[in-house]
Number of protein chains: 2
Amino acid sequence: MRQAGAPSAEVRSRRRAALTDLILDVFRLNGVLLASGDALVADLGLTSARWQVLGAIALAPAPLPVAHLARTMGLTRQAVQRSVDELRADGLVRLEPNPHHRRAALVRMTEPGEAAYRAASRRQETWADALAADLPPEIIEAADGLLRALRARLAGPDPSPATAPDTLETC
Amino acid sequence: MRQAGAPSAEVRSRRRAALTDLILDVFRLNGVLLASGDALVADLGLTSARWQVLGAIALAPAPLPVAHLARTMGLTRQAVQRSVDELRADGLVRLEPNPHHRRAALVRMTEPGEAAYRAASRRQETWADALAADLPPEIIEAADGLLRALRARLAGPDPSPATAPDTLETC
DNA sequence: GTCAATTTGACAATGTGTTGTCAAATTGAC
DNA sequence: GTCAATTTGACAACACATTGTCAAATTGAC
């Protein structure tokens, strides 16, 4: 009998092939998801990137500076900074002084920004319903679990502490 | 009893939440995978994008022009063109005249290019083995099947004919 | 054979992310 | 309180993908 810690070359090769396929499909799905998201909110003056920033603002219990938003989202400061600059230019977001830190202004949604975000959220709901129609939740959850496991292995012990505490759990 | 076509609001909402989580994790995993891939082959003079182009060349039975490679890879002509330009500048790839089409030169790997690709493939094998260690192949394959199903729904009837014939049908 | 439609590569602009560097502001060890 | 380390935003450069436009080459209907 085979021991648990010593899988056959056959199993190893099947596993490797399956993982390679999965990875390639993650790349491809990432591409079509971004394209779909952009198309979904384009006429609201949003893109996937800006939408994501609005989401981070909406989920936070209080207005946050750019660097804090970036940590929450797992992106770099600069990437978020650019999106915020654009959102500000379009009037969807505004900066307010931070009493605790003169440089780190707090980002807050304007009324038009909140309206756009609400509209995007409403569309995303029906879009997701249509996309997931007749897929068993268990299958989706199992796949998500695997993706998380892979990400955890790739990123090391705990690379995204911002994911944990209080922000992302609520969504 | 509940009919198959009319899921409860409860199931629908669970499904929606699961799908949203999955999508966010696809984005995150995409990011760490690209970073890992870049790190894996950086010292070979490769990046994820260049590596992918070399892979398409290696898999093709004969040298192909840039536009054909792009279709095979599901990317735009211009994106592949730039990678090919860079690979050519680094001597990993070379263009040869196409007897059937004066403009569409054929892209072929040079000996250094093949050496780099072989080295990258070897590393990828051990990397994938380590990453997939102790994950049951069935789980990986099931997750991959779901990603493919989602992609098929998002992209419409048949958006990537190059991938289709024998890969997508099997899931 | 002719000519419109398609394919191909070149070029430019844009979106989104990265890294690196810098100065100002804040924090913390002492 | 002082001063080094960290955090923050500004700015620049780059990697990778997109779209759009153009001219040359090829293909196909006629």
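None of the values given here were measured: they were computed from a predicted structure. Quick note on labels: first sequence line is chain A, next is B, and so on, each numbered from 1.
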>> Within the 4.0 Å limit for protein heavy atoms, which parts of nucleotides 3-12 of chain C are touched? Write it as a string from 5' to 3', B for base, S for sugar-phosphate only, - for none.
In response: -----BBBB-
>> Just the rounded figure in Å: distance from P of D/dA17 to CG of A/L33.
In response: 17 Å
> A/R108 side chain to A/P63 main-chain N or O, any donor-acceptor pair under 3.5 Å?
Replying inline: no
>> In this structure, how many angstroms lie between the C1' atom of C/dG15 and the CG atom of A/D90, rounded?
In response: 14 Å
>> Expressed as a whole number of angstroms, how long is the span from B/E86:CD to D/dC14:P?
In response: 12 Å
> With no hydrogens and no angle check, is any side-chain donor or acceptor of A/T110 less than 3.5 Å from a backbone partner on A/G91?
Replying inline: yes
>> Between the side chains of B/R118 and B/E111, is the shortest nitrogen-to-carboxylate-oxygen separation below 4.0 Å, so that they form an ion pair?
In response: yes
>> Below the 4.0 Å mark, does D/dC16 have OP1 or OP2 next to a side-chain nitrogen or oxygen of B/S83?
In response: no
> Tell me: CG of A/L69 to P of C/dG17, nearest whole Å?
Replying inline: 13 Å
>> Listing request: all salt bridge (charged side-chain N to carboxylate O under 4.0 Å, His left out) pairs with a residue in residues 39-48 of chain B, at least two apart in sequence or in separate chains.
In response: B/D43-B/R123
>> Only Watson-Crick and G-U wobble pairs, only distances under 3.5 Å, only runs of 3 or more: what stems does that leave for DNA chain D?
In response: C:1-30 with D:1-30
> Whole-Å distance between D/dC16 C1' and B/D38 CG?
Replying inline: 10 Å
>> Can you confirm whether B/R88 is buried at CZ, in the sense that more than 12 heavy atoms of other residues, nucleotides or ligands lie under 6.0 Å from that atom?
In response: no
> D/dA17 phosphate, OP1 or OP2: any side-chain N/O from B/T76 under 4.0 angstrom?
Replying inline: no
>> Can you tell whether the side chains of B/D25 and B/R28 come within less than 4.0 Å, N to carboxylate O?
In response: yes
>> Distance check needed: C/dA23 P versus A/R102 CZ, whole Å only.
In response: 18 Å
> Donor-acceptor pair, A/R15 side chain versus B/A133 backbone, under 3.5 Å?
Replying inline: no
>> Tell me if a side-chain donor or acceptor on A/R50 pairs with a main-chain N or O of A/L92 at a distance below 3.5 Å.
In response: no
> For A/S48, does its backbone N or O pair with a side-chain atom of A/D38 as donor and acceptor, under 3.5 Å?
Replying inline: yes
> Base, sugar-phosphate, or nothing: which does A/A49 touch, judged by heavy atoms less than 4.0 Å apart?
Replying inline: sugar-phosphate
> C/dT19 C1' sits how many Å from A/L75 CG, rounded?
Replying inline: 14 Å
>> Taking donor-acceptor contacts at under 3.5 Å, does the side chain of B/R82 reach the base of D/dA15?
In response: no
